[in-house]
Amino acid sequence: MANFAKPSVPRFSVDVYQNEYLPEGGREVNAIVTVTATGGGTLGGGLSPAASDGRPSAAVAIMVDCSGSMDYPPTKMRNARDATAAAVNTLRDGTHFAVIAGTHVATEVYPGDGGLAVASPTTRHRAKQALRRLASGGGTAIGTWLRLADRLLSSADVALRHGILLTDGRNEHESPEDLRAALDACAGRFTCDARGVGTDWEVKEVTGIASALLGTADIVADPAGLAADFTRMMETAMGKEVADVALRVWTPVGTTLRYVKQVAPAVEDLTARRTEAGPRAGDYPTGSWGDESRDYHLCVEVPPAGLGREMLAARVSLVVPQPDGSAQNLGAQGLVRAVWTDDMTASTAISPQVAHYTGQAELAQVIKQGLDLRKVGDFDGATAKLGRAVQLASASGNADTAKLLSKVVDVVDAATGTVRLKTRVAQADEMTLETRSTKTVRVKK
């Protein structure tokens, strides 16, 4: 594995898209905030072996389901070993790492000494040899896997900590409360991508893990696709340069910040994750960044004002926490404004970006509602919701979601949302639609 030269730290920028004009008495201000990180070198090389302060750049824990069901079919366990080996191959020199076997307990497979190995040709080779010991047997208690990953990752003085978790079944050997407690304990300590292989796992569990730990979730219906998926995940992890970035939102006296949502590349409501950051300011976690761009929807309630008045409704910046409890400002800022006018044309216009992402958020919601209704036998309700989803996907150009929907419904007229539920739907197709329902497309420029 080549050891690339150290890239520079990304530069952040913030752009605000909104219609700032309100009618007399208007109180709700909506804005799409686009955050972009560029120049970190991740498009052409990924993480350097050391952070700017000399610390190793990253630590990664790979958690592999080894419960008894991983032997059905036997190729599933073999593909999981091959995928983990592919991920290990993708580790950059200097990255700390460990491999964990997950059943109803968690076991450190490599390096096996209660700590982390440091990636090099030698340790990658030894790790792949250790993977031969991965064997299926036992139950599933994912919270124990996460807690062991946290202990191992926290043993390294690194800039970024990340987990990759693979499961093929439901979390049946611990209570939902135990898993939630583990997620609460790990949140903010490391990010984690979660994958479900096959079709016997619970979508809400896997997506809930990724959501809580600011990672991605997906289905790998065919175990043969695991190696390629693990390689992509690890390449992305190796491309992160800055950890624990928070969106800091300041609002003036008299305003209420109703919600903050990530709306691209996927819908994620951050409102309840706010931590106070001084007078009138709060921080919303966004996880780790490389060369990438994301969009956020802010909704602010402002006090009504007279015609011709204007005010700053919110100020958005980006910060990274420091060991002494302070926060480093990353130097990017965006302003959300409110201007009251009697120009009806100006005040009734909807920002194209706000309209687009409002539709994308609704798309994710109606897919979830439609699939839930289908599961309980409310086929009329499911048809209405999934028909609306087809309409929204078509109007916004979300071709990937439209394609997934077409495997669950027969589309009569996409423009009007006229559909018929298919009488037979492959479980993998339904689970894929549910798992990827929150993925969005960027607004058309």
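The first residue in the sequence is number 1, and the count goes up from there.
In terms of modelled atom types and a separation under 3.5 Å, the side chain of Arg294 and the main chain of Thr286 share a donor-acceptor contact. For the pair Thr90 (side chain) and Glu235 (backbone), a donor-acceptor distance under 3.5 Å is absent. No donor-acceptor pair under 3.5 Å is formed between the side chain of Ser394 and the backbone N or O of Gln391. A distance-only check finds no donor-acceptor pair linking the side chain of Arg11 to the backbone of Thr38 [under 3.5 Å]. The backbone N or O of Ala217 sits nowhere less than 3.5 Å from a side-chain atom of Thr207 that would complete a donor-acceptor pair. Counting only distance, with no hydrogens or angles, the side chain of Arg161 and the backbone of Ala156 share a donor-acceptor pair below 3.5 Å. In this structure a side-chain-to-backbone donor-acceptor pair under 3.5 Å is present from Asn19 to Ala346. In this structure, Ser326 contributes its side chain and Gln322 its backbone to no donor-acceptor pair below 3.5 Å. With Glu310 contributing its side chain and Ala338 its backbone, the two residues share no donor-acceptor pair below 3.5 Å. Between the Glu430 side chain and the Glu434 main chain, no donor and acceptor come within less than 3.5 Å of each other.
Annotation for Lys403: atom NZ does not count as buried by contact number, only 12 or fewer foreign heavy atoms lying within 6.0 Å. Within a 6.0 Å radius of CD1 in Ile350, no more than 12 heavy atoms belonging to other residues, nucleotides or ligands are found. A 6.0 Å sphere centred on NZ of Lys385 holds no more than 12 heavy atoms belonging to other residues, nucleotides or ligands. Atom CD of Glu28 is surrounded by more than 12 heavy atoms from other residues, nucleotides or ligands within 6.0 Å. Environment of CZ in Arg309: sparse, with no more than 12 heavy atoms of neighbouring residues, nucleotides or ligands closer than 6.0 Å.
Side-chain contact check for Leu116 versus Val158: every heavy-atom pair is 4.5 Å or farther apart. With contacts defined as side-chain heavy-atom distances shorter than 4.5 Å, the pair Leu226/Asp82 does not qualify. With a 4.5 Å cut-off on side-chain heavy atoms, Gln18 and Arg337 count as touching. Inter-residue side-chain proximity for Asp168 and Asp200 is flagged as unmet; no heavy-atom pair is nearer than 4.5 Å. Annotation: side chain of Val88 is in contact with side chain of Ile62 (closest heavy-atom distance under 4.5 Å). Here the side chains of Lys240 and Glu292 are in contact, with some heavy-atom distance below 4.5 Å. Annotation: side chain of Met234 is in contact with side chain of Leu91 (closest heavy-atom distance under 4.5 Å).
Side-chain contact annotation: Asn398 with Ser396, donor-acceptor N/O pair under 3.5 Å absent. When only modelled atom types and interatomic distance are considered, Ser293 and Arg442 share a side-chain donor-acceptor pair under 3.5 Å. Using modelled atom types, one finds a donor on one side chain and an acceptor on the other under 3.5 Å when comparing Arg195 with Thr216. Side chain to side chain, Thr418 and Thr416 meet the donor-acceptor criterion of an N or O pair below 3.5 Å. Donor-acceptor pairing under 3.5 Å is recorded for the side chains of Asp295 and Thr34. Judged by distance alone, the side chains of Glu268 and Thr438 never bring a donor and an acceptor atom under 3.5 Å apart.
Residue pairs meeting the salt bridge (Lys or Arg N to Asp or Glu O under 4.0 Å) criterion with at least one member in residues 352-366, sequence neighbours excluded, are Glu362-Arg388. Among residues at least two apart or in separate chains, ring pair (Phe, Tyr, Trp, His ring centres under 6.0 Å) pairs with a member in residues 246-284 are Tyr259-His297. The list of ring pair (Phe, Tyr, Trp, His ring centres under 6.0 Å) pairs with a residue in residues 181-237, not counting sequence neighbours, is empty.
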Which atom pairs, donor and acceptor, lie under 3.5 Å between side-chain atoms of residues 141-148 and protein residues at least two apart or in another chain?
unit_1: Thr144; atom_1: OG1; unit_2: Ala141; atom_2: O; d: 2.6
unit_1: Trp145; atom_1: NE1; unit_2: Thr103; atom_2: O; d: 2.8
unit_1: Trp145; atom_1: NE1; unit_2: Ala141; atom_2: O; d: 3.2

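Paired with Arg189 under the rule salt bridge (Lys or Arg N to Asp or Glu O under 4.0 Å), one option of Asp244, Asp184, Asp150 passes, and it is Asp150.
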Exercise. Given the rule in the salt bridge (charged side-chain N to carboxylate O under 4.0 Å, His left out) test, do Asp218 and Lys439 qualify, once you have shown the distances and angles that lead to the verdict?
Worked result: CA-CA 10 Å; Asp218 208 349; Lys439 297 184 185 300; 5.0 Å; no
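With sequence neighbours left out, Arg170 forms a salt bridge (Lys or Arg N to Asp or Glu O under 4.0 Å) with Glu202. Applying the salt bridge (Lys or Arg N to Asp or Glu O under 4.0 Å) test to Arg248 and every residue at least two apart in sequence or in another chain returns Asp283.
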